Amino acid sequence: MSELSVSHLLGIKYITEKDIQLIFETADHFKEVIQRPIKKVPSLRDITIANLFFENSTRTRLSFELAEKRLSADVVNFSAASSSVKKGETLIDTVNNILAMKVDMVVMRHPNPGAGVFLSKHINAAIVNAGDGTHEHPTQALLDSYSIRERLGDVAGKKVVIVGDILHSRVALSNIYALKLQGAEVMVCGPKTLIPKHINELGVKVSHNLKEALNWCDVANMLRVQNERMDISYFPSTREYAQQYGVTKTLLERLDKEIVIMHPGPINRGVEITSEVADSNQAIILDQVENGVAVRMAVIYLLASKIK
Amino acid sequence: MSQRVLLASNEVHIILHRLACQLIENHGFFENTVLIGLQPRGAFVAERLSKILKEDYGVQNLKLGLLDITFFRDDFRRTVNPLEANKTSIDFIVEDKNVVFIDDVLYTGRSIRAALTAIQSFGRPANVELLTLIDRRFSRHLPIQPNYRGRQVDAINEERVVVHWEENDAEDAVYLINK
C-alpha cells in the first residue's frame, strides 16, 4: 500500500486517480472489519479528531463519528448552533481554540465554499472536508463511486447521470470530478434553471429530458432538491418538478435495461424518486450508507498515517 | 549482500511433515481446533500444512482462516514505509475453539502480540498456540514463544531470514541474508 498524495482531503479536485484506488482498496479491508462480531481496530488510538459541523447534518456526521470510533480515535463533536460562533468568533479562532486542546485531525462541514482550503492554510492539522457550501463533498463522491464499483465491478467506462439540482449541489461537483478521474462518462440532467451555465466545460453532457438521460445511463444518481439553498423560485412547483424529473417504477420499466439508482439522502419520497423505486432492488441507497463508513474509515486511516 | 541457505527444499518438506504430525498428536481430528495463517507470509505455511494434513494424513473438515494484523500493529505512524494491509478471511467464529496461529518467521514477537488482539474480534478462543517455521532466537521484544517450531536460528539484527515458497518464489527454501 502506498500513500495518499495529499495531507488533507479538501476535495476530489485535489487528489489523483491513484489516491482514489488506494482509498477503495483500503475501504475493502475496512468493509470486512465492520462485518466482524467486534467491529473495531486499534490503529488510531493515539489520534484525536474534532468533528466541526457549522451546518446541519445527520448521516454524514454519524457516519464520520462511527468511522472514527471504529478506528479507536478519540472524538470530540462541535456544532455551530451551540457554540461561540453565535457570539461572533471567527473560524480560525474557533478552530485554533480546539486545536490548542491537542487535536490531530479536523472533519469540517461549513456553509462557505472553500472553508476547508482556507483552514488548511492556517492551521496545523489534517483536514477532511465534509461538505463546504455548494463546492465539494469529497467523501460522498468517493462512497458513491465505491458503491458503483461494488455493484457493477468497475467505474471506468460506465455511464452515470446526475439528476436534479446541480446548481446547488456539492455532491454533484465532487461526483463529476471523481467519475471523470476514474474514466466514467457523466451526464447532468435537470431543469435549465438548476444546471450551471458552463458545466459542459467540466467535460459532462447536459440533458433536460429525464427519459433520454435514463435511456443513456447505467447509473442514475438522484439528487435532492435543496430548498434551503434556494433564494428564488427555480421551478414552478414541487409537483411539476416531480412530474418532469422524478423517477417512477413505470419509467424504469419502460427502459430496455436495468439501471442502478442512487441517492445521497435525505430522500424526498415522491419528489426525486417514488417510494417504490427507493425500496426496490435497483436502488443501492442503503449500500451507499453502509459503504460510507468503510470509505470514511479508509480516508481517515490514510490521512492519519501521514501525521508524524 | 550475501546469502546462505538455511533450509533446502527437502528439509522444508520434512519439517512441514513433522509439524503436521505434532499438530495431530495434540489436536487429534481437529474437531475443536482451527488453523489461522497470519498474513501475508504465514498464509503460505498454513496452506501447505493444511494440504499435508488433508492429503497425507486424512484429516477432514479442517478449518483454515487467514488473519491480517495490519490495523492492530503497534508501529502505525512509526515506520518509514506505509503499512500494507492484506485480506482477512475467517468465515467461522473462534469462540471456545483451540486456535493455532501459523507464521513463517518468529522474530520480535510483535506480530503475534497484534494477532492475539486481532483474533478477539472473532470471539474468545479456548486457547491459542503458535506454530512457526523459523524461530529467530534471542531477538524477542516480548515474552512470546512458539509451541511448535520448524527450525531455531541464531541471526543478528543486521541479518534477514527469508522464506521462499514454490507457489510464490519458484522454490521452497529458507535463506539467511546479510543486509
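Please read these numbers as outputs of a predicted model, since none were measured by experiment. Computed over heavy atoms, backbone and side chain alike; hydrogens, waters and symmetry mates excluded. Chain letters run A, B, ... following the sequence lines, proteins first and then strands; every chain starts at 1.
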Residue by residue, which of residues 116-134 of chain B have a heavy atom closer than 4.5 Å to a heavy atom belonging to chain A? B:Gln120, B:Ser121, B:Phe122
At their closest point, which heavy atom of B:Arg73 faces which heavy atom of A:Arg45, and how far apart are they? O-NH2, 3.5 Å
Using a cut-off of under 4.5 Å on heavy-atom pairs, state which of A:Ile47, A:Val33, A:Val41 scores highest against chain B. A:Val41
Might you confirm whether atom CG of A:Asn281 has over 12 heavy atoms from other residues, nucleotides or ligands at distances under 6.0 Å? no
Give the minimum heavy-atom separation between A:His29 and B:Lys87, together with the two atoms involved. CE1-N, 3.8 Å
Decide if atom CG of B:Asn10 counts as having more than 12 heavy atoms of other residues, nucleotides or ligands within a radius under 6.0 Å. yes
Before giving the answer on side-chain contact (heavy atoms from CB on, under 4.5 Å), spell out for B:Asp68 and A:Glu32 the whole-Å C-alpha distance, their side-chain angles and the decisive distance to 0.1 Å. CA-CA 11 Å; B:Asp68 182 63; A:Glu32 183 272 318; over 6 Å; no
May I ask you to check whether over 12 heavy atoms, not counting those of B:Phe92, lie within 6.0 Å of atom CZ? yes
State whether the number of non-hydrogen atoms from other residues, nucleotides or ligands found under 6.0 Å of A:Lys18 atom NZ is greater than 12. no
Are more than 12 heavy atoms from other residues, nucleotides or ligands located less than 6.0 Å from atom CZ of B:Arg78? yes
Would you please go through residues 140-152 of chain A and name the residues with a non-hydrogen atom below 4.5 Å from one of chain B, in numerical order? none
Heavy-atom pair with the smallest gap, counting every atom of A:Asp46 and B:Arg77: OD2-NH2, 3.0 Å
Quick check for you: to the nearest 0.5 Å, what is the distance between A:Ser72 atom OG and B:Phe71 atom CZ? 12.0 Å
So, the part of A:Lys39 with a heavy atom under 4.5 Å from chain B: the answer is neither
If you count heavy atoms of other groups shown closer than 6.0 angstrom to CD of B:Glu167, is the number above 12? yes
In terms of heavy-atom proximity below 4.5 Å to chain A, should B:Ser89 be classed as side chain, backbone, both, or neither? neither
Parallel, tilted or perpendicular, as decided by the 30° and 60° cut-offs, for the rings of A:Tyr301 and B:Phe76: parallel
Using a cut-off of 6.0 Å, state whether more than 12 heavy atoms not belonging to A:Asn124 lie near its atom CG. no
Highest number of heavy-atom pairs under 4.5 Å with chain A: which of B:Asn86, B:Ile90, B:Asp74, B:Ile93? B:Asn86
Out of A:Leu71, A:Leu44, A:Ile307, return the one with the most heavy atom pairs under 4.5 angstrom to chain B. A:Ile307
To the nearest 0.5 Å, what is the distance between CG on A:Leu302 and CG on B:Leu83? 10.5 Å
